[in-house]
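In what follows, chains carry the letters A, B, and so on, assigned in the order in which the sequence lines appear, proteins first and then strands, with residues in each chain numbered from 1.
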Amino acid sequence: MLALTGVHAHYGPIEALRGVDLEVAHGEIVAMIGANGAGKSTLLMTICGAPVPSAGRILFDGADIAGLPTFEIVRRGIAQVPEGRRIFPRMTVLENLQMGAAAGDATPSALAAGLERAFALFPVLAERRTQRGGTLSGGEQQMLSIARALMARPRLLLLDEPSLGLAPMVVKQIFQVIGEINRAGTTVLLVEQNAYHALRLAHRGYVMAQGRVVMSGSGAALLADPDVRAAYLEGGAKPPPGA
Amino acid sequence: MPSAVDRLAVRGAGQLAGRLRDAAAAAFVTLVLALPLVGLRTVDQGGALVLETRWDWVAIGVAAVFVGRLALGLFAHLRLRVPRVVPRVAQGVAMPWLAWAVAGFAVALPFLPFADRYVIDLGTTLLIYVMLGWGLNVVVGLAGLLDLGYVAFYAVGAYAYALLALNFSLSFWICLPLAGLLAALFGIALGFPVLRLRGDYLAIVTLGFGEMVRIILINWQSLTNGPNGLPSIPRPSFFGLPFERAPAEGTTSFHQFFGLDFAPEHRLIFLYLLILALALLTNVFVLRLRRLPLGRAWEALREDEIACRALGINPTNVKLSAFAIGAMLGGFAGAFFATRQGFISPESFTFIESATIVAIVVLGGMGSQIGVVLAAAFLVLLPEIGREFAQFRMLVFGLAMILIMIWRPQGLLGHREPTVRLGRAAAPRP
């Protein structure tokens, strides 16, 4: 469904991605783990067209989307839950969700169906629907951000650090819901620092370091790998592979 | 409760030293500023310039600042103890009631016994600013794009009306949409180069744009008649009936048609009701837009542009539409201004106008429609009331602005009404 080959990306003179190859098949959950500054978030941003990749191809459903403006890419069926949630703080939960529908079918019936799906996934949002986004708790904001991204019925959902800054209970709940979303037919590409949860949930995983993919395999295999365990699961005593 | 009062007194005494230091610092700043500004004065004495000193004035000023600052500090200290929940709740409830009351009063105003020429004229000026405020509210309040050159669109609307009416003798009702359209095109012209700019940088460029338009108006002599302005702009007629004591051959004037005695107030009242209608239409238009996906996209863009991109919103279109619609509303107001004044010159479109309109939007509470009305009333009426104070007028005005910024930093009505309410849109509608 999504295939990256040799993707490079720059922030000015700094090369953040140095030839990334990656594949996400239809119906999968793929987790991307790695240390701070490895280029995980940049990878998701590059898929969405900001920054535009300086080299390489990004195929989505067989069409090259590298170089397209962000809103075009999103309208093709990719939704991103950005890092730090980025909900609209002064708008209500309902309004936030309605904004999410902008890239998809915006007819009233589609909107109502989307809201119903969102409230089924996250019942707490139904209770909070008239509250302003900024007044929600961190976990609720993350739920709102995910629900908002789903409003446009994307085929591929990109999640950037959904567990960031959340209580362990909430993290568990969020990952559960990501599994549900996937089972309902949405392909998921997940970037996480919380390697344990991410790899347990994912079908396959990639490890990034310094702008490159340094390891890949099934979620279970990566979880069992001694290098991965040492670098990302047991306090980071050893330097990341490839460093 | 003597114990609570005692505790307050003890804590107050503990902070008194800090307050005194703070007041002394303020007094020192005043001293430094006042020494040259107030203390020294040049007097013309028999052809020679003599330096005169006024140290007593400096002393009075410094003492006044010291006492005032101390009082303000202690006052703020006491005021913080009062819970401030009540006005917030009352605000949300009172708003629709307040809006209807203000609208009703505005419609009835010209027919009230105290409404003389002065009152109606002032009301018309006020409504022009209300309309400009609502127009700019789209750009600044909703889309969050700080535009310091809004007066440019006001000017474009005014000159468009004046030139079309003078050169092609088109009627007001034909010129009005054309003026709005032209202003909207200027809005897009401004919008394109500034798409990537935000915040301070956007403000600087729009500021420059406003000045550019004014300078072009001054220098393009052949079209705009330069600094001399355009005189004898046609006045609007009452659907073809002119407001004149002695109409031209073959035409009937308003007072003849309705069998009234001629009164110059007729035209004033008509102009007042015209701008009132335009302003109310603007209000309804903007309120409707806010509920549409476009209006929500403006607000979302103000909140978080990156999130908007991630949701598949094309920020280019959203920004340009905000610029265009804001500019169009400014153009309408400009066309009305031209027909009301009968004379326009570049002098009417200086930066201070832009600043006033921005102040109206900010003071009203960004994005609040009724807030704009209150702020416009405040900014237009206060200088009028201040006339009593003669040369201290601007001082009173400035003082009032400072007080508002202290008491209501979020604007007079800084409360955003949600565009969707419980129950609506959540359930499928037939």
A.B. asks: Report the C-alpha separation of A:Arg90 and B:Glu299 in whole Å, then their side-chain angles, then the decisive distance to 0.1 Å, and conclude whether the side chain to side chain contact (heavy atoms under 4.5 Å, CB included) test is met.
C.D. replies: CA-CA 9 Å; A:Arg90 290 216 280 162; B:Glu299 288 198 77; over 6 Å; no
A.B. asks: Grab the two heavy atoms, one from B:Leu311 and one from A:Val74, that are nearest each other, plus how far apart they are.
C.D. replies: C-CG1, 3.6 Å
A.B. asks: How long is the straight-line distance from SG of B:Cys308 back to CZ of A:Phe71, given to the nearest 0.5 Å?
C.D. replies: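 Answer rounded to 0.5 Å: 13.0 Å.
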A.B. asks: Can you tell me if OH on A:Tyr206 sees more than 12 non-hydrogen neighbours from other groups inside 6.0 Å?
C.D. replies: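 Correct, the count exceeds 12.
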A.B. asks: With sequence neighbours left out, which residue pairs that include part of residues 311-322 of chain B fulfil the salt bridge (charged side-chain N to carboxylate O under 4.0 Å, His left out) condition?
C.D. replies: B:Glu305-B:Lys319
A.B. asks: Please indicate whether A:Arg18 has more than 12 foreign heavy atoms, meaning atoms of other residues, nucleotides or ligands, lying under 6.0 Å from its CZ.
C.D. replies: yes
A.B. asks: If I compare all heavy atoms of A:Met91 with all of B:Arg296, which pair ends up nearest, and what's the gap?
C.D. replies: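 Closest heavy-atom pair between A:Met91 and B:Arg296: CE-O, 3.7 Å.
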A.B. asks: Counting only N and O atoms by type, is there a donor-acceptor contact under 3.5 Å from the side chain of A:Arg75 to the main-chain atoms of B:Gly312?
C.D. replies: yes
A.B. asks: Picking from A:Gly49, A:Ala79, A:Ala103, which has the most non-hydrogen pairs under 4.5 angstrom with chain B?
C.D. replies: A:Ala103
A.B. asks: Using a cut-off of under 4.5 Å on heavy-atom pairs, state which of B:Ala297, B:Ala300, B:Pro293 scores highest against chain A.
C.D. replies: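 Among the listed options, the one with the most contacts to chain A is B:Ala300.
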A.B. asks: Taking OH in B:Tyr201 as the centre, count heavy atoms belonging to other residues, nucleotides or ligands within less than 6.0 Å. Is the count above 12?
C.D. replies: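 12 or below, so no.
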A.B. asks: Between atom CD of A:Glu95 and atom CD of B:Glu303, what is the distance when rounded to the nearest 0.5 Å?
C.D. replies: 9.0 Å
A.B. asks: Between B:Ile313 and A:Ala102, what is the shortest heavy-atom contact and its length?
C.D. replies: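 Reported closest heavy-atom pair: CG1-CB, 3.7 Å.
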A.B. asks: Identify the heavy atoms of A:Arg86 and B:Asp304 that sit nearest to each other, and give their distance.
C.D. replies: NH1-OD1, 2.9 Å
A.B. asks: With sequence neighbours left out, which residue pairs that include part of residues 24-35 of chain A fulfil the side-chain hydrogen bond (donor to acceptor under 3.5 Å, both in side chains) condition?
C.D. replies: A:Glu28-A:Arg204
